Amino acid sequence: MDERFYLRLAWDCIRKNRRLYVPYLLTVAGAAAGFYMLATTGDPSGMADPGDVRLIMRTCTVVLGLVCGGFLLYTNGFLMKQRGREFGLYAVLGLDRSNMTRLLAWETAFTAAIGVGAGLAAGVLLDRLLLMILAKLSGMPYAGPAVYGRCLVLTAGVFALILGLIFAANIIRVGRMCPTELLISKDVGDREPKSKWFVTVVGIVLLGAGYGIAICRPALMEGVVVEDILWFFAAVLLVIFGTFALFLGGTVTGLKLLRRWKGYYYKARHFVSVSGLIHRMGRNAAGLAIICILSTAVLVMVSSTVCLRAGLESSLRGYFPRDVMCQFGSMAENDWDGLLAGAMEDAVAAGYHPKDTVRYLYWEYGWSVDGGRTGTDLAFVDAAGYEAITGRALSLGPDEVLTDAAEDTLTVMDAAFTVAGGLGPEDPVMAYLGRVLGVGDMEDMPRTLVVADGGAILALRQRAEEYGQTDPDYSYSFGTFVDHNMDFDLPAGEDSRACLAVIRQYVLDHVYEGAFSDGSASIGQARSDLLVQFGSLLFLGLFLGTLFLGGAALLIYYKQVSEGYEDRERFAVMRQVGMDEGLIRRSVHSQILLVFFLPLVTAFCHMAAAFPLVARLLEVWDMSDRGLFMVCTLGAAAVFAALYTAVYLLTARVYARLVGR
Amino acid sequence: MTVALLEVEGLQKTYTTRYGGQAVPALTGVSFTLEEGQFAAVMGESGSGKTTLLNVVAALDRPTAGTVRLDGRDTAAVPERELAAFRRENLGFVFQEFNLLDTFDIRDNILLPMVLAGRSRQEMERTLPPLAKKLGIADILGKYPYEVSGGQKQRTAVARALILSPRLILADEPTGALDSRSSDALLELLDEVNAGGQTVLMVTHSVKAASHAGRVLFIKDGTLYHQLFRGDDDRGRFYGRISDALTALAGGRSDG
Ligand SMILES: Nc1ncnc2c1ncn2[C@@H]1O[C@H](COP(=O)(O)OP(=O)(O)OP(=O)(O)O)[C@@H](O)[C@H]1O
Ligand SMILES: [Mg+2]
């Protein structure tokens, strides 16, 4: 037969099955567009890359490629199942396997041309918009070509590979079945599913293990280390497999148990629903599990990235009690008071309006004796600094200190001090220093002593140095420099970054000795650094969230269509055998609702179980505000539930049209 | 003294095709009455309107004109939401296409009307086994409709129609898919049921099946064309008369 014949036949097949093919082509196009766009964010010819953003984007592109492959393979399987009868008919009409292969080849070619072509076109059109959103969210400058040739080729290649695999799978599928089987293959799906005790138990065990890790692990974690990330992925995998096993085995097994309970089952309402659900679940389990997992992924990604972004300002504020935090130190005795005062004059001259200025000295010192067997960390602050930070008056004699010691006297490096007052963890100085040092738990703070003045600190430092030279077992670990700190706020609208630059320039120009330390920071710089990270994470969260939601929506649509086709006949029969319309509608609708909202409810359960672990992992990015994360989680859940319901209602109209009289 | 259980008067049914709105007359005026306890057969060519008649009688379809009175009650006057219960309680219908539900096994398909009517489980357990045994489907009760033969499906459909012992049984070719032995068994069951006082209206193409009835209605082109009463004849003689009538009918067509 002529090649043109197959071409026409393939085109007719696609047109005849458009109710199935249009969403499939849209999926291919959407996946290709998404893949292309994500690839461009990681392309070297695109935006400048201030952090690891490009690496993250590229990793995600690879993951997305795999997800798209799996998803398309699954939806294609669904499509082919619906078309089983059609292929059976071709087989009966005399199309042999090689004819069928040619038909499928043409169909694949059309799918590739239309789907990938449209996807790439949409990708190129939408890409600028997307990159602009990324630029906006992350504060990176927007740049890059209009079309990324390399990404186009990559996308086309990846999708050619995916569609090639699908083509191969289809040939195997069609080749393996004999015509009569193909003819009835639509009915085979209606077979009563078997109880699967083993799968159910495996599902419960896997899910339990995953939940166990997610819930118990955070309590065992000290800081967040690489191992915890591995635990997280282990929990994710366990939950994914557990969900599949439970949906595949658990639902049917549970329903069959219900059916065995005769007193319950043989009631009009339950009778129809339970038997209907057994069949629906048997058929839809895998799809529902995928919907559930996609939904969970969307929820976790969106809630955590939104939380990071939303918490940016408050976590920044945590580290920055003032907008500009100047911190200089040196070995030689520079006149830091004079230097800082001069720098401040320059800043004012440059048009800045510093306020709430706080000046203090800080020296942190740790030593160990006997190669580290005994040792301690001490921090020293001058009394003037104490006054500046707390706003309280304080006068200390040269041998007096404030500290949280229980004793009345204290010896530091053979120097005796009288404890003139307490300095508990709730003291404003401790809180201030805790923020500057980024110490979340006050227990981790070094013991802090407020001493009379800078002279007292320098004397101690001198002594420490002498100790270090005379005793070989005695070593001090840090505290080379005494830090001169000057923290101040700026009115809204003044650029803390530029202001710090003015101050730095002044210090650089006027310092007597070259070797000095500069630990200064401005909230503006920190903000833009974090923005790049959190903004691009938020971008990824929203982008992948949208794609996955699209995937879930598509599956819901497919499911509704197939339910509709099957229920149409069943509806008519039920009416004829004397079920009243109300009962039919009620029971069928409750079944459908259950089928579609089971994945959503399960996803919410997963999300709740993941909460402690994800909250812990967010601490990697210094996000420790549980309340905010809770709000973001609930918000994401609410928005997602609304979108899910909207998708359900929209696709339910297709269903209603199919079963309507 | 017998009471008229079913009164059909001037029944007309015209189908309008979905595309083009073409009118297809399926029934053009049928009137008859069926007394309580009668066993009537309906015969006629394919497409003559037999299934349509049964559907309208069972209120599965609305007549275009005319009335159907069941036990004196006009079925058109039964409100839509009561219709299902009304049908369940008064009628047993054996469909030509069986209409079994593939989500239920054979047992549950048969029990469906009982469950819908809210009967007790004890009653279900009491009623089902003897009926299934008589119909020869006792050992396939756990199977699903797609796992059994056409004849077994048909007997399942009959069992479902009989399970609630309805007053009027409407059977659309209940022996159509059966071999002669199972159709004999089925017809005997119908005889038995009829002897117990239930009324039967059965569509059939088989003269043998029709000879079990006490009365045969012949339908042609949507009208009641001819009627035969068995009277005091035995089954064999009645069989002969039905055959003759059918031949005459066919002859009438070739004449006309
Ligand atoms: N739903 C319908 N829509 C349109 N026309 C119909 C419909 N149902 C039946 N008809 C037409 O009405 C006429 C009577 O059909 P009916 O099914 O009653 O025949 P029948 O006597 O039962 O035939 P058979 O012995 O083949 O079952 C036929 O011409 C048929 O084409
Ligand atoms: Mg018929």
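Please read these numbers as outputs of a predicted model, since none were measured by experiment. Lettering follows sequence order; numbering is per chain, from 1. Scope of the values below: all heavy atoms of this structure, side chains included, with no hydrogens, waters or symmetry mates.
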**Request:** Side chain from CB out, backbone as N, CA, C, O: work out which of these in B:L112 comes under 4.5 Å of a heavy atom of chain A, or both, or neither.
**Result:** both
**Item:** Parallel, tilted or perpendicular: rings of A:Y24 and A:Y21 (30°, 60°)
**Value:** perpendicular
**Message:** Heavy-atom pairs under 4.5 Å with chain A: which of B:L83, B:N55, B:L60, B:L101 has the most?
**Reply:** B:L101
**Request:** List the atom of A:S273, the atom of A:S590, and the distance in Å for their closest heavy-atom pair.
**Result:** OG-OG, 4.2 Å
**Request:** Just say parallel, tilted or perpendicular for the rings of A:Y648 and A:F597, cut-offs at 30° and 60°.
**Result:** perpendicular
**Partner of B:R160 by side-chain contact (heavy atoms from CB on, under 4.5 Å), out of B:N99, B:L111, B:L131** = B:N99
**Complete:** Cut-off 4.5 Å, heavy atoms of chain A, and the answer for B:M124 is side chain
**Request:** Check whether B:F86 gets within reach of chain A through its side chain, its backbone, both or neither, counting any heavy atom under 4.5 Å.
**Result:** neither
**Request:** Go through the atoms of A:K262 and report whether side chain, backbone, both or neither lie under 4.5 Å from a heavy atom of chain B.
**Result:** both
**Asked** Is chain A contacted by the side chain of B:D105, its backbone, both, or neither, given a heavy-atom distance below 4.5 Å?
**Response** neither
**Request:** Please examine the side chains of B:I110 and B:L141, heavy atoms only from C-beta on, and report whether any two atoms are closer than 4.5 Å.
**Result:** yes
